[in-house]
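Have a look at the structure below, then the notes.
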Protein chains: 2
Amino acid sequence: MTEREDVHNSDVPVLCRSCEARHKGICGALSEDELLQLSKHTVKRTAARKQELIHEEDEVHSYSNIMAGAVKLTKLMPDGRQQIVGLQFAPDFLGRPFQSESNFGAEVAADVKLCSFPKDVLESMLGANPELENRLLRQVLKELDEARQWMLVLGRMTAKEKVASFLSLIANHIDPEHEGDSVTFELPLSRAEIADYLGLTIETVSRQFTALRKDGVIEIEGNRHIVVPDRETLKDATGST
Amino acid sequence: MTEREDVHNSDVPVLCRSCEARHKGICGALSEDELLQLSKHTVKRTAARKQELIHEEDEVHSYSNIMAGAVKLTKLMPDGRQQIVGLQFAPDFLGRPFQSESNFGAEVAADVKLCSFPKDVLESMLGANPELENRLLRQVLKELDEARQWMLVLGRMTAKEKVASFLSLIANHIDPEHEGDSVTFELPLSRAEIADYLGLTIETVSRQFTALRKDGVIEIEGNRHIVVPDRETLKDATGST
DNA sequence: CGGTGGATTGATACTGATCAAGAGCAGTGG
DNA sequence: CCACTGCTCTTGATCAGTATCAATCCACCG
């Protein structure tokens with residue numbers, strides 16, 4: 001159940017064969033039989049920017065794998081203040097096991113492809129397949145690490161350091177290798193969303209973008225296109241290690 | 001492996017019999033055999049306030065169960081800024097599975113009793129006992145929920161709301177039942193630690209304590225002793241739901 | 001009795017929020 | 001084809017909340 005060769009295996013459901021996330025995501029832990037069983041209840045779908053996937057405090061009856069795109073997890077205060085508490089990309093797992101009511105909302109940030117299936121189907125597999133649970137555990141641990149890193153950002157960094165941290169996060173996500181070189185990317189979030197992620201206002205985010213540009217840390221083309229000539233310089237601007 | 005009766009069972013290791021955390025913590029998933037095996041490598045110890053349990057970025061070779069007391073998880077910036085990224089109580093599990101180097105430091109906040117065992121012993125049990133992994137997964141999910149809730153506190157709340165949130169957190173921990181009534185407790189953290197938890201300075205924390213006292217939300221006796229006459233009022237002061 | 005560590009309180013400074021105006025750009029319809 | 005509209009982003013001026021700096025208090029201890 002740990003290693004297998006199924007690249008040419010016709011037992012793999014059609015639905016799954018083209019899935020780039022299959023080996024990296026939690027599905028990598030599933031046997032052909034399990035994949036087949038899961039795929040019977042699976043719906044592939046796309047969702048566009050701004051579409052709400054989960055409403056905070058609503059009951060959720062399905063989980064999803066993110067196959068492409070980006071999803072933001074949000075928390076809302078009664079008076080409208082909002083905080084983004086997580087950003088997920090392919091091949092992340094979306095959902096909160098062992099709890100029907102969601103603690104946060106989920107909204108599409110950059111157009112996504114999702115692979116959704118009912119909660120109970122996955123949960124019964126969870127009991128039967130320890131490796132699946134292991135993969136889930138590892139993903140949740142990763143998210144916990146990220147959340148705690150972000151607590152440092154939110155609690156102790158200046159506005160400029162926060163924005164640099166955000167850019168650094170995206171840069172590392174785009175290209176996890178060679179941390180030193182230059183990178184270019186499209187921001188998956190609007191200024192307003194970045195502000196909600198960093199606990200700032202739109203105006204402050206905008207000002208810090210221009211400040212970083214004037215410092216030569218980044219170049220900005222259009223609104224979303226960012227060039228980081230030297231990632232080491234960017235990292236220095238975060239004030240963190 | 002899901003239900004068992006071992007209250008009077010003499011096969012339960014002596015070390016574990018007196019442990020109040022045994023059924024609630026991850027050990028609740030272990031059979032007598034496993035408990036025995038684990039207990040052979042286990043060291044019970046106490047540690048006093050301010051003692052460092054894990055140094056950030058150091059290698060860790062053991063896990064612990066917290067049997068009593070409180071532990072704070074901290075992150076440090078190169079220039080000395082600090083953020084507390086988690087607070088753990090009995091019967092929490094302390095440690096980061098599947099990773100030898102710690103992402104954060106751990107320091108005793110209120111004198112603790114710990115039950116420590118080598119990483120590899122637990123990890124081999126993890127592979128063999130799915131229920132153990134399940135318990136761990138649930139604990140990590142709980143911590144992730146808490147971390148995200150705290151991201152909202154850090155990112156979007158005012159100083160007064162932050163302090164009220166902290167007091168609310170402690171109050172709920174002391175007495176998870178009847179959320180409406182009054183509670184009295186000793187703070188497990190100093191003002192400086194509370195400041196590090198809330199992303200504030202000592203002075204601001206102190207001012208907000210007096211502000212909440214003047215508002216009649218809390219009463220303060222000595223430095224650490226807090227009385228909350230009405231938890232609903234305190235909750236209102238957090239600005240959150 | 002002086003010393004030490006933690007907490008409070010006050011005066012002032014500064015970072016980021018708020019309020020306000022305008023620029024850039026895409027889409028729409030006359 | 002171009003004015004109009006709506007949206008996002010930027011920039012400027014001012015305000016407010018929290019940090020910083022400094023003094024004092026308090027409890028405890030040697």
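Order of the sequence lines fixes the chain letters, A, B, ..., with proteins taken first and strands second; residue numbering starts at 1 for each chain.
Toward the 5' end of DNA chain D, the nearer of the two residues A:Val205 and B:Thr204, judged by each one's closest nucleotide, is A:Val205.
Remark: side-chain polar atoms of A:Ser64 are not paired, donor with acceptor, to backbone N or O of A:Ile66 under 3.5 angstrom.
Across all strands, B:Lys160 comes closer than 4.0 Å to no nucleic acid atom at all (heavy-atom distances). When heavy atoms are screened at a 4.0 angstrom cut-off, A:Lys50 is found touching the sugar-phosphate backbone but no base atom. Within the 4.0 angstrom heavy-atom criterion, only backbone atoms of the sugar-phosphate kind lie near A:Ser190; the bases stay farther away.
Salt bridge B:Glu186/B:Arg224: absent, no basic N to carboxylate O contact under 4.0 Å. With respect to B:Asp215 and B:Lys160, a salt bridge is recorded, a charged nitrogen being found less than 4.0 Å from a carboxylate O.
Following rounding to the nearest Å, B:Ile220 (CD1) and C:dG6 (C1') show an atom-to-atom distance of 14 Å. Per the geometry, CG belonging to A:Leu154 stands 17 Å off C1' belonging to D:dT18, to the nearest Å.
At the phosphate of D:dT20, neither OP1 nor OP2 sits under 4.0 Å from any side-chain N or O atom of B:Thr201.
For B:Arg207 and D:dT20, a side-chain-to-base donor-acceptor distance below 3.5 Å is present, hydrogens and geometry of angles not being considered.
A perpendicular orientation is assigned to the rings of A:Tyr197 and A:Phe166, their planes being inclined by more than 60° (bins at 30° and 60°).
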